[in-house]
Amino acid sequence: MAGMAGAWPLVERQREFDAIRAALRPERGIGCGVLLTGAAGVGKTTLARGVIDSVDGQVRWVAGTESARSIPLGAFGHLISPGTLRDPVLVLSAARDALLADGPLVLGIDDAHLLDQLSATLLHQLAIDHTARIIATVRSGETVPDAVTSLWKDGYLTRLDLVPFTKKQSIKLVETALGGHLEGLSADLMWETSGGNALFLRHLVEGALDAGRLRKVRGVWQLRGRATITNELAVLLEGRIERLPVNVIDALKLLSLCEPIDLDVLSELAGVDAVEEAETRGLIQVSQDRDRINARFTHPIFGEVIRRRLGLATSRRLRGQLVTVMRARGTGHESDRIRLADLALDSDQPIDVALLIDAAHAAVALSDVALGERFARAAVGRGGGLESADPLARALLWQGRATEVEEVMTEFDPNQLDDRSLLRWGSTRIANLYFSVGNAEEGDPVLAVLKSRITDPALVLVVEGLESLSAFHQNRLDDALAIGQRVLAAPAARPWAIAWAVVAVSLSLGPIGRGNDIDVIAGRLELVKSRVDGLLVHLAEFGEIQALTFTGRFADAEKKAAEFRGFSTSGQYLAWGMASTMIGWVESAQGKFGHAVDTLEASVAALLSDFAPAWTYPARIALCNAYAALGRATDAESVIAAARDRLGQHKAVFQPQIQMAEAWVAAAEGTPVRAIELAHVAAHAAAQSHQFAVE
């Protein structure tokens, strides 16, 4: 298998292993073994075989199968020869004698729920006679022969429910198989998709490798895109699905296209009985999510298998049914509008351009820039004009696709735009030219156009917010603070004006040595953060974290950074990378260099593959310092060299910190005189630009 380091590894279940071994001891009174239960693929068979292989005595292993279920003693057919006997009593006696002919028996029964009645009766006799030590596996939710059920109810077999792997075990399993570190967000996605099911997890990894969606970047394994499973697992699960009633399959089809789904919506379309049976069979779970009750798959892989079975026409029809019901019920939440737009795009129902634009803005605000791009492109294609081009450009901006942003926005003539449209056009271009292109020379003329043309006082404040950010990037921190604070003091300042100003002020306060003022600025952000781009909010909140670390408030910084650990939704890789930068920055500031390296390596890898260089500066600086502190001079030099090569006028604000990182590299290389010289150079550069905390 491409990318695999070797055979698929085993994850230790020592507690369960020891419990089964203890239950198999001959001197245990009435008990003679274990009935091991759990979901398909949870690892029952692997564990049972591992225990049996470790015990002394004559070992026999049999398995119940669907095909042998109708054959008397079908499970034991390969071990015994009952001959021409027709009397069941004589058959059982002959079978028992054949099994015990060579002495005491250790018997493993896989899938005991599939045993025929005679095989189940034989197992029962062996147990109550204490002539065999037994470990049997049973799949949860299946009907089990009475003879097997009575064994654990009467105390002959100890029932042990095998639960899925923990998140830690799942990550260890994947990292061992891949032979490398797994990105945190990818680990979250794999664990959530597999539900900790060992079989599902293995096929998910192998399928993602084969599809090229699981790749290694800078030593970190990353999963990108929807989970992919192997054909082998799909066939296995499809066999289980095909045995379901038609109405249950119909319910699962709807859920596969809209997960999670409001329980009332699913019940209206599929029927209450179908939904209840799907839950009883353990295929879906129903839970309270805020103010509604939602249904979702027990294992998301079921949804992938169901989707593989759907043709294009069926998918369009079912999505249309969902759209009709959801539209009639209303879309109170942003998530509802996003879900409705996503379904409508590929349905047989007409779609409103205004809904697409609204959903695009909502998706970008929630940091799901890939989905925002999808909605905005659809709106542009339906004649949405600048109203749709702007969220498209911002979605591209936050993905670092600077050239495409310029292509989208330069299609519009600024001389033909009113003030509001001009501001929308200009602010997106300025952000792109500063953050992604890294060309302040091109950004400043656009800013000049806005300053000369826009006269509405409320819109002028937005322009001034942009001007404060321009000053920050040019390392004019005093100007950035003065302009930004003037905007924040204005009663007429609207959310976007406040957001731009907060970004500039937050990022300036820490380096300039006024980190103690950050709490007031952070409070202003809280009031508007739900009404602007989520990734713009990330920039401001990194400024807050930086200020907290500069003033030694490490506990507050750590608490703030921890708030971002929740970015684990598919498609939010950029947001996750930025959040990891915040966490790694705090870890490095606290001297937790080992933890910081693990966090920041994954962050830099994520940002390199999904974003422009702008946001990688803080991550590279912190990672370089952590490497150097650990004595990894070569790694430190490699990281800071990449940052140094990309440095230009638009990132002059990072120059002193990059020079200080170079001093750390020199120290790690064992050249303290050079390190001291570089530290003095960094301090001088910081003092000149009034970065007194850095100095």
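Keep in mind it's a predicted model, so treat the numbers as computed, not measured. Along the sequence shown, residues carry numbers from 1.
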Working note: L322 + I261, criterion side chain to side chain contact (heavy atoms under 4.5 Å, CB included); need CA distance, chi angles, decisive distance, verdict. CA-CA 10 Å; L322 287 163; I261 187 172; 3.5 Å; yes

For R49, what residues pass the side-chain hydrogen bond (donor to acceptor under 3.5 Å, both in side chains) criterion, not counting sequence neighbours? none

Check V586 against A561 and note the closest heavy-atom contact, atom names and distance. CG2-CB, 4.1 Å

Close side-chain approach of D129 and R96, heavy atoms under 4.5 Å: yes

Could you walk me through whether R296 and E192 pass salt bridge (charged side-chain N to carboxylate O under 4.0 Å, His left out), step by step? CA-CA 12 Å; R296 49 174 52 85; E192 290 168 4; over 6 Å; no

Partners meeting side-chain hydrogen bond (donor to acceptor under 3.5 Å, both in side chains) with D273 (sequence neighbours left out): none

With sequence neighbours excluded, tell me which residues meet side-chain hydrogen bond (donor to acceptor under 3.5 Å, both in side chains) with T143. none

Looking at side-chain heavy atoms only, is the closest gap between L371 and I338 below 4.5 Å? yes

Decide, yes or no, whether a salt bridge links K44 with D110 under the criterion of side-chain N to carboxylate O below 4.0 Å. no

Please tell me if the side chains of D53 and W61 come closer than 4.5 Å, counting only heavy atoms from C-beta onward. no

Please report, to 0.1 Å, the donor-acceptor pairs under 3.5 Å made by any side chain of residues 246-259, with sequence neighbours excluded.
| unit_1 | atom_1 | unit_2 | atom_2 | d |
| --- | --- | --- | --- | --- |
| S256 | OG | K253 | O | 2.7 |
| E259 | OE2 | F297 | N | 2.8 |

Could you state the interatomic distance from CD1 (I134) to OG1 (T158), rounded to the nearest 0.5 Å? 11.5 Å

Please answer whether the main-chain N or O of K172 pairs with a side-chain N or O of T176 as donor and acceptor at a distance below 3.5 Å. yes

What's the shortest heavy-atom distance between N197 and V42, and which atoms? ND2-N, 3.6 Å

Checking S603 side chain against T599 main chain: does a donor-acceptor pair fall under 3.5 Å? no

Euclidean distance, L107 CG relative to R60 CZ, rounded to 0.5 Å: 9.5 Å

According to the side-chain hydrogen bond (donor to acceptor under 3.5 Å, both in side chains) rule, which pairs have a member within residues 113-126, sequence neighbours left out? D116-S119, H124-S150

Holding to salt bridge (charged side-chain N to carboxylate O under 4.0 Å, His left out), I want the full list of residues that pass it with D635, two or more places apart in sequence or in another chain. R632

Less than 4.5 Å apart, any side-chain heavy atom of L157 and any of C32? yes

Report all side-chain donor-acceptor pairs from residues 178-186 shorter than 3.5 Å, counting only partners two or more places apart or in another chain.
| unit_1 | atom_1 | unit_2 | atom_2 | d |
| --- | --- | --- | --- | --- |
| H181 | ND1 | E175 | OE2 | 3.3 |
| E183 | OE1 | S186 | N | 3.4 |
| E183 | OE1 | S186 | OG | 2.7 |
| E183 | OE1 | R224 | NH1 | 3.0 |
| E183 | OE2 | R224 | NH2 | 3.0 |
| S186 | OG | L223 | N | 2.7 |

Let's go through M578 and E541 carefully: what are the C-alpha distance in whole Å and the side-chain angles of both, what is the deciding distance for side chain to side chain contact (heavy atoms under 4.5 Å, CB included) to 0.1 Å, and is it a yes or a no? CA-CA 10 Å; M578 296 171 79; E541 293 188 317; over 6 Å; no

Just how far is it from atom CZ of F200 to atom CZ of F302, taken to the nearest 0.5 Å? 4.5 Å

Can you name the nearest heavy-atom pair linking F165 to S170, along with the distance? CB-OG, 3.5 Å

For T166, which residues count as a side chain to side chain contact (heavy atoms under 4.5 Å, CB included) partner, sequence neighbours excluded? K168, Q169

Would you please name every residue forming a side-chain hydrogen bond (donor to acceptor under 3.5 Å, both in side chains) with D556, sequence neighbours left out? R553

Restricting to non-hydrogen atoms, name the atom on A619 and the atom on V604 that form the minimum distance, rounded to 0.1 Å. CB-CG2, 3.8 Å

Who passes salt bridge (charged side-chain N to carboxylate O under 4.0 Å, His left out) against D146, sequence neighbours left out? none

Under a 4.5 Å cut-off applied to non-hydrogen side-chain atoms, are D188 and K167 in contact? yes

Identify the two heavy atoms, one from P260 and one from N294, that lie closest to each other, and give their separation to 0.1 Å. CB-CB, 4.0 Å

D97 atom CG, neighbour heavy-atom count above 12 within 6.0 Å: yes

Spacing of D154 atom CG and T149 atom OG1 [to the nearest 0.5 Å]: 10.5 Å

Can you name the residues that form a salt bridge (charged side-chain N to carboxylate O under 4.0 Å, His left out) with D264, not counting sequence neighbours? none

Is D111 reaching over with its side chain to a backbone N or O of L114, donor-acceptor style, under 3.5 angstrom? no

Please assess M582 against H538 for the test side chain to side chain contact (heavy atoms under 4.5 Å, CB included), listing each intermediate value before the final yes or no. CA-CA 9 Å; M582 297 183 196; H538 277 56; 4.1 Å; yes

Test salt bridge (charged side-chain N to carboxylate O under 4.0 Å, His left out) applied to E142 - qualifying residues, sequence neighbours left out: R139

Do R13 and T46 pair up side chain to side chain, a donor and an acceptor below 3.5 Å, judged on atom types alone? no

Taking G584's backbone N and O only, do any of them form a donor-acceptor pair with S588's side chain (distance below 3.5 Å, no angle check)? no

So which heavy atom on P145 is nearest to which on A120, and how close? CB-CB, 3.9 Å

Can you tell if the side chain of L204 reaches within under 4.5 Å of the side chain of L214, non-hydrogen atoms only? no

State, yes or no, whether a side-chain contact exists between L283 and L244 at a heavy-atom distance under 4.5 Å. yes

Between S54 and F17, is there a side-chain heavy-atom distance shorter than 4.5 Å? yes

Separation between OH of Y627 and CG of L600, rounded to the nearest 0.5 Å: 9.0 Å

What do the steps show when you test W191 against I171 for side chain to side chain contact (heavy atoms under 4.5 Å, CB included), and what is the final call? CA-CA 8 Å; W191 185 67; I171 294 172; 5.8 Å; no

Quick one: pull up CD1 in I109 and OG1 in T137 and give me the separation to the nearest 0.5 Å. 9.0 Å

